[in-house]
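Data block below; observations after.
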Amino acid sequence: MLSFVKCAAAGCDAYAVTGSVHCFTHSEAPGELQARAAALLGPRQSYARLNFSELTLEGLDLSESSFSSCRFARAHFRNVNFSKCTLRLCVFDFATFEDCTLSELDSMYTIFGGSRIDRCDLSNSEILHTNLNGAVCTDSNFNDSNLYFSRFVAARLTRVTFVDCNLKKVLFLSAQLDQVSFKYSNYEEAEFGEDPVGAL
Amino acid sequence: MKLFAHFSVNTLSNCYLIGPDDGGDAILVDPTAMDIQLLRLIESNHYDVRWVLITHPSEHHIHAVRTLLRVYDAAIYCGSAKIVELPCTAVGDGAHLSLGGIDVNALDISGYAGDSIAYRIADLLFTGERLSSGRAGSTPNRYALSLLAASARERVFALPDHTLILPAFGPPSTVGIERTTSPLFTALGRGRIAEGGPAGGAAARPPSDAPKAGESPA
C-alpha cells in the first residue's frame, strides 16, 4: 500500500513527495512543499500512502488521525501532537522527534528505526510489532504501554522510562541503556545483552 | 499495488498480502494460519488469492495452505518442489515471475539452504525466517551463520536503503536500518562471525558509533 512513485529527477532513486513529481531534495520549491504538507495534515483525519520524507513539520496537531502506509523517512517533527493516532505500516526511519506527544498511540508494523526521539511522551500506547532498532531516545517515556513484539536492537536509551509496560518478546539486544527504568514491567520476558546468534 | 501485513496469533508469524489497488488477483506470502482475520483481510479488500509465495518449505505452512486451497484456486511457489506432500512450483535463485502484472524476483539470501528463497517485489523484500529486523535467523551451525552473513551482505545490504524488509517474524525494517543494527553486518566487522562461503569478501567495517553490549536492567 506504500507509494512507489519515484522522483522524476534523472538518476534519483528516492520516492516523490506527495503533491510533487520530485523528492524533497530535488524539489524546486521545498518551502512550498512543506507548507502544503502542513496544510494537508490535521487532527481526526485518515491518511494513506503519503510520502513526506525529509520534510520538517512543526507545531502540528495530528491527534486522533490515522496513517496507513505512509512514509516520513528522515522527516523532522518538532512539537507535533500524535496523541491517539493510529499507525499501520508507516515508515519513520531516521526521523527526528523533538518535544512531540505520541501518547495513546496505536502503532503496528511501523518503523521508527534509526530515529532520534527527544523529550517525547509515548505513554499509554499500543506499540506492537514496531521497529525502534538503532533509535536514539532521550528523556522520553513509554509508561503504561504495551510493547509486545517490538524491538530496540542496538538502540541508545538515556533517561527513558518503561514503567508498568508489557515487554513480552521485546528485544533490547546490543542496546545501550543509561538511567532506564523498567519499574513494574515484565522485563524478564524481554531479551537483553548481545544477540546469541552473533555470539556463536 | 497495495501491501497488507497480517500477524498470526497462533504461530506468532507474519503473512503478507499484495494486490492491485482496486481488488482482484492477489499474492499471499508465507501464510501459516488461515484464520478468520486473514480471510476477512482478503475478502474485505476484494481479493482473490491466486498465488502463494513460500520462503521456506516448512510444515508450519501446511495447514494454512491446505485450507487456503479449499477457498482459492492458487498456485504455490516455493524453494522446493513440494511442502511435505503438497506439490509446488519450485523457484530457484534468480527466478523471475510475473504474477498478475506484478514482477517478483526470487533470491537465495541464506547462502546455505537451497530451499530457502526470499522474494523481491519492487522495493519490498520478503526475507522469511532467514533475516529479521535487527537479528539473523537461526542457523544449524557456525559455518551456516557465516554463509548467511556473507550472503546477506552481498545480496541484501547492497540494496537501496529504502528497501523494505518484511520478515516472517518480528517487525518490518529497511535495508538502511539493518546496515547499522543487524549483527550480520555489524558483528561481521567485529569478527564475531567468521567470514566464509562463496559470497565471502572483505570484512565489513563497523559503524563508528556502534553501541556496546547492553546492560541488564536494574
Side-chain angles (χ1 to χ4, degrees), chain A residues 1-2 4 6 13-15 48-49 53 69 71 73 88-89 91 93-94 108-111 113-115 128-136 149-156 162 169 171-183 185 187 190-200, chain B residues 1-7 12 14 18-19 21 121-124 132-139 141-142 144-146 148-149 160-162 164-166 169-174 176-184 186-188 190 192-194 207 209-218:
Chain A
M1 209 171 168
L2 289 151
F4 295 102
K6 293 284 174 96
D13 194 40
Y15 296 107
R49 297 174 115 170
S53 296
S69 301
R71 280 182 209 272
R88 292 288 179 275
L89 256 172
V91 183
D93 58 335
F94 303 101
M108 196 168 179
Y109 286 111
T110 288
I111 300 172
S115 61
L128 313 175
H129 243 85
T130 293
N131 182 346
L132 288 118
N133 295 347
V136 179
F149 241 120
S150 288
R151 293 188 179 179
F152 292 82
V153 174
R156 278 182 278 171
F162 293 87
K169 293 194 179 288
L171 302 188
F172 291 95
L173 299 168
S174 303
Q176 284 182 304
L177 311 177
D178 183 14
Q179 299 175 66
V180 174
S181 170
F182 292 99
K183 198 173 179 181
S185 294
Y187 61 79
E191 281 189 58
F192 295 88
E194 288 287 356
D195 191 332
V197 169
L200 268 174
Chain B
M1 186 174 75
K2 281 185 176 178
L3 165 72
F4 299 90
H6 170 70
F7 176 69
L12 305 181
N14 304 317
I18 305 117
D21 288 353
I121 298 175
D123 285 334
L124 309 173
S132 185
S133 50
R135 148 167 261 192
S138 60
T139 52
N141 52 49
R142 193 185 172 105
L145 177 63
S146 71
L148 172 63
D161 276 2
H162 58 238
L164 213 57
I165 291 176
L166 298 155
F169 295 97
S173 191
T174 65
I177 296 168
E178 292 309 298
R179 206 177 275 134
T180 57
T181 62
S182 172
L184 289 178
T186 57
L188 197 71
R190 294 182 209 151
R192 291 176 62 219
I193 301 172
D209 59 346
K212 292 171 186 155
E215 296 167 9
S216 293

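Numbers restart at 1 for each chain; the letters A, B, ... are given by sequence-line order, proteins then strands.
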Inset, instruction - State which residues pass side chain to side chain donor-acceptor pair (under 3.5 Å) with B/Ser132; sequence neighbours excluded, sorted by chain then number. - result: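 With sequence neighbours excluded, B/Ser132 shows a side chain to side chain donor-acceptor pair (under 3.5 Å) to A/Arg151, given in chain and number order.
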Inset, instruction - Using the test side chain to side chain donor-acceptor pair (under 3.5 Å), find all partners of A/Lys6 that sit at least two apart in sequence or belong to another chain. - result: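 Counting only residues at least two positions away or on another chain, A/Lys6 forms a side chain to side chain donor-acceptor pair (under 3.5 Å) with A/Asp13, B/Asp123.
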Compare every heavy atom of [Y] with every heavy atom of [X], then report the nearest pair and how far apart it is.
| X | Y | answer |
| --- | --- | --- |
| A/Asn133 | B/Ile177 | O-CG2, 3.9 Å |
| B/Arg135 | A/Glu191 | NH2-OE1, 3.3 Å |
| A/Leu89 | B/Leu3 | CD1-O, 3.7 Å |

Side chain, backbone, both or neither of [X] within contact of chain B (heavy atoms, under 4.5 Å):
| X | result |
| --- | --- |
| A/Leu128 | neither |
| A/Lys169 | side chain |
| A/Phe162 | neither |

Legend entry - Interface moiety of B/Leu164 toward chain A, non-hydrogen atoms closer than 4.5 Å: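 Just the side chain, heavy atoms under 4.5 Å.
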Legend entry - Interface moiety of B/Asp21 toward chain A, non-hydrogen atoms closer than 4.5 Å: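 Only the side chain of B/Asp21 comes within 4.5 Å of chain A.
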Inset, instruction - Go through B/Pro172, B/Ala5, B/Gly134 and name the one with the most non-hydrogen pairs under 4.5 angstrom from chain A. - result: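 Heavy-atom pairs under 4.5 Å are most numerous for B/Pro172.
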Inset, instruction - Could you tell me the separation between the CG atom of B/Asn14 and the OH atom of A/Tyr109, rounded to the nearest 0.5 Å? - result: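 Reported value, rounded in 0.5 Å steps: 3.5 Å.
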Inset, instruction - To the nearest 0.5 Å, tell me how far B/Ile165 CD1 sits from A/Asn131 CG. - result: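 It comes to 9.5 Å.
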Inset, instruction - Kindly assign one of parallel, tilted or perpendicular to the pair A/Phe149 and B/Phe7, based on the angle between their ring planes and the thresholds 30° and 60°. - result: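 The arrangement is perpendicular - the two ring planes meet at more than 60°.
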